[in-house]
Structures are given as structure tokens and as C-alpha cells.
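Heads up, the thing below is written out as C-alpha cells.
For ligands, and for the atoms within them, numbers begin at 1 and follow the listed sequence.
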Amino acid sequence: MRIGLLGPPGAGKGTQAVTLAEKLKLPHISTGDLLRKNVASDTVLGRQAKDYMQRGALVPDDLVTNMLFEKIAQAEAQEGFILDGYPRNPAQAEALDRVLKEKGASLDLVIYLDTSEKVIIQRLSGRLVCRKCAAIFHRQNMPPKINMCCDHCGGQLYHRSDDKEETVRERLKVYRRETASLIDYYQAKQKLYQVKADEDAGIVLDKMLMLIEKYYDSPKV
Ligand code: AP5
């Protein structure tokens with residue numbers, strides 16, 4: 001199973017990808033998480049990506065694409081994956097199609113988490129992330145049991161620096177300009193499945209699971 005998640009910042013891609021990956025026993029591959037790890041470890045890639053991320057811009061395609069393709073080539077990703085944060089533009093989508101085609105594979109389905117701007121702002125302004133394991137929380141929607149402390153590993157929670165209001169505005173602009181056209185890209189390939197994602201995370205997850213079950217149960221031409 002190769003499943004892609006598409007949607008604006010704050011749509012819940014990371015939140016849903018973690019649960020889907022657990023349920024479907026597939027690796028969760030998030031280009032945002034991989035880049036943040038590189039920035040935190042001050043790698044060459046991290047130093048190259050940092051400024052773009054802080055501004056809310058996309059990191060250049062070649063940097064992200066090389067990083068992602070290394071991950072996809074690993075043994076644990078051979079049976080499939082849940083992909084979150086990639087592709088972000090048509091060039092990335094085409095590069096992904098090419099690399100999967102070389103393996104005789106393709107993305108099976110792309111789930112578009114359709115989210116309103118009001119909800120996006122509420123979600124991003126309250127998001128908390130674990131420094132150690134990258135688990136995602138929210139001050140009101142999904143609060144940790146102990147203030148600013150991760151329920152899973154005890155790590156310290158922090159606000160992502162790109163969740164500042166002006167950077168969120170920029171990320172939304174970038175999403176509309178660069179990424180939103182992928183809805184049409186995957187629709188044209190009959191791979192796009194839309195889920196209204198303003199609702200509670202459990203409801204959104206159930207809708208996604210139903211969709212996935214239906215897709216894999218239906219006969220393929
Ligand atoms: P990335 O980390 O991918 O950020 P994003 O796409 O902007 O998405 P977010 O992580 O902000 O949101 P999400 O949809 O995952 O929401 P979440 O589940 O956390 O990328 C960051 C940066 O890295 C980019 O700006 C770019 O610079 C660079 N980058 C990454 N990939 C790249 C690529 N391919 N090419 C170039 N550059 C790239 O949820 C948000 C909050 O809402 C959380 O607090 C959560 O608890 C809460 N929540 C989630 N779902 C619900 C729900 N249903 N109900 C209530 N609360 C909810």
C-alpha cells in the first residue's frame with residue numbers, strides 16, 4: 001500500500017499519518033519531520049534547509065527529493081508507506097511517479113484532507129510537538145496529560161517556529177500557489193480521494209479508513 005496525504009498546513013496530515021501507519025503497519029514518511037531532524041542535528045542538509053523552512057518557503061526540490069528517495073529505497077518501505085508532505089509541487093509529483101515506476105510501482109491513492117482556513121489557524125496556533133519523538137499535540141484539541149511534556153516519551157513539547165502567524169500566512173500562500181494544483185494532478189490520474197477534515201480527528205480517521213478499505217477491496221481494472 002502506497003498512500004499519499006495531501007492538504008494545507010494544519011490539515012492534520014501528520015496526526016492522521018501516525019495513526020494510519022500504526023493501524024496499517026506501514027512506515028510513516030514525513031518530509032517535514034525528516035527536514036526538522038536534519039535541522040536539529042545541524043547536518044549539511046539541515047543547514048541548507050533551515051532558512052527556507054523558517055520563512056515558510058519550500059526547500060529546493062533536489063534537496064528534498066534526494067532525502068525522500070533514500071528513505072523510499074530502504075527495506076522497511078518496500079511493502080508500502082504513508083507519505084506526508086511530499087509532493088509539494090508538480091515537479092516533485094512527477095519525480096515521485098518516475099522513481100516508483102522504476103520499481104514497477106505507483107502511489108495507490110492520495111487522500112486530500114479538505115480543511116477550512118479558520119480551522120487551520122486554530123490548529124496551528126495551538127500545536128505542540130515533542131522535541132524527542134515528534135509526536136503532535138494541541139493545547140486545546142489534543143492536550144498532553146502533563147503540561148508541555150510528551151505522553152509517549154516524556155520529551156519536552158515546543159511550538160514550531162514556523163507556526164508564527166506571519167509564517168503560517170506565508171505557508172498558506174505557498175500551498176495555494178505551489179501545492180493545491182496537485183489536487184487536479186491526482187484527480188486526472190483517478191487517484192484522488194477527498195475527505196472533509198474540519199471534524200474531530202477520530203471522525204476524520206474513520207472516514208479515511210473506510211475509504212482505504214473500500215479502495216483495496218474493490219476489483220482493479
Ligand atoms: P511540513 O512539516 O510538511 O508542514 P505542513 O505541510 O505545512 O503541514 P503541517 O505539519 O503544518 O500540518 P499537518 O497537516 O501535518 O497538521 P498536524 O497533523 O500537525 O513542512 C514544514 C516545512 O518543511 C515546509 O514549510 C517546507 O519549508 C519544508 N518542506 C517539507 N516538505 C517539503 C517538500 N516536499 N518540499 C519542499 N519543502 C518541504 O495538525 C496540526 C494541529 O492540529 C496539531 O496540533 C494537531 O494536534 C491538531 N489536529 C490535527 N487534526 C485535528 C482534528 N481533526 N481535530 C482537531 N485538531 C486536530
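- Listed by number with element, the atoms of ligand 1 under 4.0 angstrom from any heavy atom of Asn141 are 55 (C), 56 (N).
- For Gly10, a nitrogen or oxygen atom sits less than 3.5 Å from a nitrogen or oxygen atom of ligand 1, counting backbone and side chain alike.
- Val18 belongs to no multi-residue hydrophobic cluster, having no ILVMFWY side-chain contact under 4.5 Å with any other such residue.
- Remark: ligand 1 and Tyr86 share no N or O pair separated by less than 3.5 Å (distance only, no angle test).
- Between Gly126 and ligand 1 there is no heavy-atom distance shorter than 4.0 Å.
- Contacts between Tyr175 and ligand 1 below 4.0 angstrom, taking non-hydrogen atoms only, are absent altogether.
- Contact analysis leaves Arg55 out of contact with ligand 1, as no non-hydrogen atom separation drops below 4.0 angstrom.
- Atoms of ligand 1 found under 4.0 Å from any heavy atom of Val64 (numbered from 1 in listed order, with element): 33 (C), 34 (N), 35 (N), 36 (C).
- Both the backbone and the side chain of Arg123 come within contact range of ligand 1, each with a heavy atom under 4.0 Å.
- Among Thr15, Asp84, Leu35, Leu34, the residue whose heavy atom lies closest to atom 28 (C) of ligand 1 is Leu35.
- Heavy atoms of Ala57 found under 4.0 angstrom from ligand 1 belong exclusively to the backbone.
- Atom 8 (O) of ligand 1 has as its closest protein heavy atom Lys13 NZ, 3.2 Å.
- At least one heavy atom of Arg36 sits closer than 4.0 Å to an atom of ligand 1.
- The backbone of Asp200, and not its side chain, has at least one atom closer than 4.0 Å to an atom of ligand 1 (non-hydrogen atoms only; backbone = N, CA, C, O).
- Heavy-atom contacts of Phe137 reach the following atoms of ligand 1: 43 (C), 44 (O), 46 (O) (cutoff under 4.0 Å).
- Under 4.0 angstrom from ligand 1, the non-hydrogen atoms of Arg171 all belong to its side chain.
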